[in-house]
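Everything below concerns the one structure shown next.
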Amino acid sequence: MTNPLLAVKDLTVDFITRHGTVHVLDDVSFDIGDGEIVGIIGESGSGKSVTAYSIMGILDHAARIRSGEILFQGRDVLGMNRSELDRWRGKAASIIFQNPRTALNPIRSVGDQIADVLARHTPARASEIRAKTIDALKQVRIPDPERRSKAYPFELSGGLCQRIGIAIALACAPRLLIADEPTTGLDVTTQAVIMDLIRNLAREQKTSVALITHDVALASEYCDRLIIMHAGHVVEVAPTAEIIDHPRHPYTAQLLRSVPSLVDSIGELQAIRGSLPDLRRADLPFCRFAERCDRRLPICDAERLHLGPALERHAVACRNPL
Amino acid sequence: MTALLEARNLKKHFKLAAKWPFSTPPKLHAVDGVDLVINAGEAVGLVGESGCGKSTLSRLVSRLLDPTEGQLLLEGEDIGRLSTARFARSEQRRLIQMVFQDPTESLNPLFSAFDLIADPARMLLPRAGKAELRRRVEAAAQAVNLPLALLERLPHQLSGGQKARVGIARAIVVEPRLLVLDEPTSALDVSVQATVLQLLDQLRRERGIALLFVSHDLNVVRLLCSQIVVMYLGQVVERGPSTEIYANPAHPYTRALLSAIPTLRPGKLERIKLEGDPLSPISPSSTQCRFCGRCPIERAQCRTSMPALRELAPGRQVRCHFAEEALTGLPAAV
Amino acid sequence: MTGIVLRLLSAIPTLFGVVLVTFLITRVLPGDPAVFFASNPSMTTQDIEAVRQSLGLDKPLPEQFLIYLGGLLHGDLGNSLSTGQKVVTEFANRLPASAELTFLAFFIAIGVSLPLGIAAALRPGSLIDHLSRVIATLGVSMPTFVTGLLLIFFFYFVLGVAPEPIGRLDPFMFEPDRVTGLYTIDALIAGDLELFAAALKQMILPAVTMALFALAPLTRMARASMLEVLGSEFIRTARASGLSRRKIIMTYAFRNALLPIVTTMGMTFSYMLGANVLVERVFSWPGVGAFAVDSIINLDYAPLQGFMLVMAGIFIVVNLTTDVVVALIDPRASR
Amino acid sequence: MSASAMRERIQVVRHVVLGNPLNIVAFGLFLLILLVAILAPSLVPHDPLKTNPAHTLQGPSAEFWFGTDQLGRDIFARVMIATRLDLMIAFGAVTLSCLVGSIIGAMIGYWGGFWDGAVSRMVDVLMAFPLFVLALAMVAALGNTVANVVYATAVVNLPFYIRLARNEMRVRRGLGYVEAARVGGSGDWRILTRFLIPNMAAPLVIQASVNLGWAVLNAAGLSFLGLGVRAPTPEWGIMVAEGARFISSGQWWVAVFPGLALLIAVFVFNLMGDALRDILDPRMRT
């Protein structure tokens, strides 16, 4: 990968809360190639959504980006001014969210919401925008698009709302789509339909996808590569099959053994020891997994290990990998 | 042998608000004639999509709701006739306990973990003295691997996994025969889920507590349960031993459900896409299969007659006119 | 549509309840209305009894209620014992005075509170945010009658810029020909700008007094609902789609924030109807509130009854209007 | 409450009190007002009721801090003494409506059905009147006494507590911990008293504290119009009404000092309400 579409470099983000500063992301680096589908996997508190929001510039007021670069086609997103950013997001990169219903404006018809994005990024007459809106609805396979474009989110099922979310995100054929837990909260049958839709549209439009999820099985089915996050660190990056078959980071290995769909009987299921370190601590260990790890070495605590710009095929942030 | 718990033609219809004054209010058929058998020490998985009635059924079985119709037999005795308030004071209340979905919402925020676990024991084991109560609470906490030091804490001072343990400890402190679990792990991270699942399995094996495990996640059910009941729109559409259902789902809905599970395992089912939305559970037709409109093998007959839940093989039941066809016509799973 | 129809229908039992409560409260007034005439020494017991009969007070309560209802349906609110006029006539004369004042105050309050609350929500923690909070807390703490007196003291007595607080017009000016009953509007219709200015000048202090009172809840709600909407997930979607700031604030945030604000507007308007009573008293404003207080002191129950009914009636209409406006903004409410 | 819960509550209180200096001011002033209400009779330099034709309408001076009124009475003494009456009316009315309203609201919210519909309808009717107008009419109807001002203020406020308690109950009734209590063998009464009502206390207390300021205003407004409290009794509203006559001629102190007392009292109650909200709102405790 000589020229990635997106390169996140050493991203460090803190949250200022009334209970102290939370070190949410620490030196997060990864990249996403053209047309690739990448899974960003982590449990709650791993920082996967914060990573996505940093890329899109939608972090809330409490967040402080301490350092790092987010390069999109070589251009630093973090350095863009407001209007540059507004012209970039929605057009070059876009995002779909976890809760499809609340992610849509409840009192604006879904057609208008798609049209808003189209009108913003493509210079066109009203009639063209209308036609394009209907096309966008057709693209996400919404039956009876003319009628449905006048519907409001509360009149549609969760699955249909998520298709609208996808239509909004893909309206301007962006180069990058971030899908932040797009099917959590949907039924498993709907999940399959939505995920297939995302994959097929991405392939058609040659859009790269970052699938953010806690569901290892889901990610492994749809993604080319996986990025494993733990407590604000990227711990392992590798092609899907390689990670599933030969996880090298102790956390990845333990995570895989706790996934029900990857084991045959309940006896094989294993839980991960301990819990996430408190990210407000000032004395966070260099390796945030160290306190839960059974392969810990003295050097883990002595020296900081950078995953670095993770350009290797199979990168692992561990002194003593499997 | 009498089953531990048996439901016969159990129904729960909710009256909805009438749209206009004086018009007949419509009824939501949440649970519409369900038969269910749970044997002592057995784990039964109840699966289906949201809105299929599995949560209502779990509340009928735990006697939080009064059934509209049908029988609910606990060791042969009909407990469905007693009102929920009367049942709360009966001897049998202790035997059926429940673990709830959201570990945060199901714990009284003003009670310490000790009081939370002790509460059912205080009510249902009135003869237990103070020392006895403490002994039982600590035993229950130990059984769920909850450090005794945490007993003093309030719910919001506990992690998600710890709260889930308190919820289970509270349910087992009165030594029930049946534990009804309503999606107990859906709010938890996978790593925590794994410990909870193992804990439940251990309770079943070591204490002979039967489990009714309600879930939308077939993978979880597969690991924990020997029997599976699949619900669709208030009805049971398929049930039988889990190994058989996984290997060879007979109902098209079960097939779709299984095929939709993301997995890395080889030989998975060809994806059956369910387009469209389910029919409405409000005043549904009695002369139509409820899977109509989404079924991949739907025929004219399905729209004119409701299939009955029939025996496909010993211990295996399905509600589909064309189940045999589905069994042979499509590639097998796993 | 059905939602709106149902909402209109649901006002009927409330309206009936209002009539019943009004009737019952005024019937237990301590002063037997007939006693009012007894103060006239030339009246005998028989005369009083005759008055009682003519007022229908000798009949059983349910029957009195039916007679009362019958009168209401014919638009008859009875007669005022103190002025001898029909209550309806008295109200027709005084309601425009109250309405003019209340509307002006209401518009001032909205004009200040909405921009203030929204500006505060757009920059939480800024100077304007603190200002809005001080105004909100201070505003709910100010008794209208004290504010009114303070304003009179400063602007009339100390600075001398405001006219004497003695009603709607300087006693040396002639009121405009009655078209709407609102002096400012009628003056404009008559083309008399001097009169318009004079009428407006008289109204400013009382209107500001009332507006100050209404400012607090409106600012609070504007700020809170705008903040909440700005923090919601669909705003995040709009931001992530690159929509312009203007579009996000006006089309996405403001329209959604308007829903609770409109409801609060309705409530505030009704509070102002109550506050009217005090403000009119302080500024000797010849409106319905002042009239009602006089009636209470004179134990004159028909005007009080009429006042309660009119106020509750306006209240119900205002609430219905709010609901209709909400239904127009929010598709969820109309279905 | 367990020891750790207690410790945490104290921590939150400390956090809120120290976090916003305004809160300290509010608590301090609140205590001061309470003290004045209790100790006023032994603090004031002059008899609040004693008229003195020699000293009518005198401006503030070393002798009469707040000046004297048209009958030569000491306004400072009258303002101080009035604190007790105004506070008693407000506390009485709020306590009454909070207790009765939340019990009714909790019951209809828990059991629903016919009584829920009936009471809700009555609440709608009560709320269809502008509050102050209704209070006015009630005092007029019941008779011109202080007790009736308390009752009228309480009744007028009742709908808010009924609605709040009912809605809180509706939401909480379906929560997991109530279902859990039922599975654990608790009956309706125990669920109400041990689980639901304690959890509803916070919003009700917040509502009551905010309501207190409003109740003071309402009572003062009534007496300003000549309802409730009668003339010689020192009471803020009535004193403002008496002083109103002299405002236009420049004798501002007669009306302004009782008016300011009223304003400060209400302001302090409102600040208190905000501080209590900070302490009791569970969302602050994450």
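Side-chain atoms are counted along with the backbone in the values below, which use heavy atoms only and exclude waters and symmetry mates. Chain letters run A, B, ... following the sequence lines, proteins first, then strands; residues in each count from 1.
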Nearest heavy-atom contact between B:Leu223 and A:Val263 is CD1-CG2, 3.8 Å

For B:Pro262 and A:Ala217, the nearest pair of non-hydrogen atoms, with its separation, is O-CB, 3.5 Å

Answer yes or no: is there a side-chain heavy-atom contact under 4.5 Å between A:Glu43 and B:Ser191? yes

Test item: A:Asp187 side-chain N/O and B:Ser50 main-chain N/O as donor-acceptor pair under 3.5 Å: yes

d(B:His216 NE2, A:Leu186 CG) to nearest 0.5 Å is 10.0 Å

Comparing A:Val259, A:Asp196, A:Leu255 against chain B, the one with the most heavy-atom pairs below 4.5 Å turns out to be A:Asp196

Rounding to 0.5 Å, atoms OG (A:Ser258) and CG (B:Leu197) come to a distance of 10.0 Å

Looking only at heavy atoms, the pair that brings A:Gly267 and B:Gln198 closest together is O-NE2, 4.2 Å

Within residues 156-166 of chain A, the residues sitting under 4.5 Å from chain B by heavy atom, in sequence order, are A:Ser157, A:Leu160, A:Arg163

Here the gap from A:Gln191 atom CD to B:Ile261 atom CD1, rounded to the nearest 0.5 Å, amounts to 10.0 Å

Hits for salt bridge (charged side-chain N to carboxylate O under 4.0 Å, His left out) against A:Glu268, two or more places apart or cross-chain, chain-then-number order -> none

Rounded to the nearest 0.5 Å, the OG atom of A:Ser265 sits from the CG atom of B:Leu224 at a distance of 11.5 Å

Test side chain to side chain contact (heavy atoms under 4.5 Å, CB included), reference B:Leu274, set A:Val193, A:Thr189, A:Val188, output is A:Thr189

The interface call for A:Leu218 against chain B, heavy-atom contacts under 4.5 Å, is both

Whatever's closer than 4.5 Å to a heavy atom in chain B on A:Gln254 counts as neither

Between A:Ser261 and B:Arg222, the two heavy atoms sitting closest are CA-NH2, 3.9 Å

Could you give me the CA-CA distance, side-chain angles and deciding distance for A:Val216 and B:Val190, then say whether side-chain contact (heavy atoms from CB on, under 4.5 Å) is met? CA-CA 9 Å; A:Val216 182; B:Val190 269; 5.6 Å; no

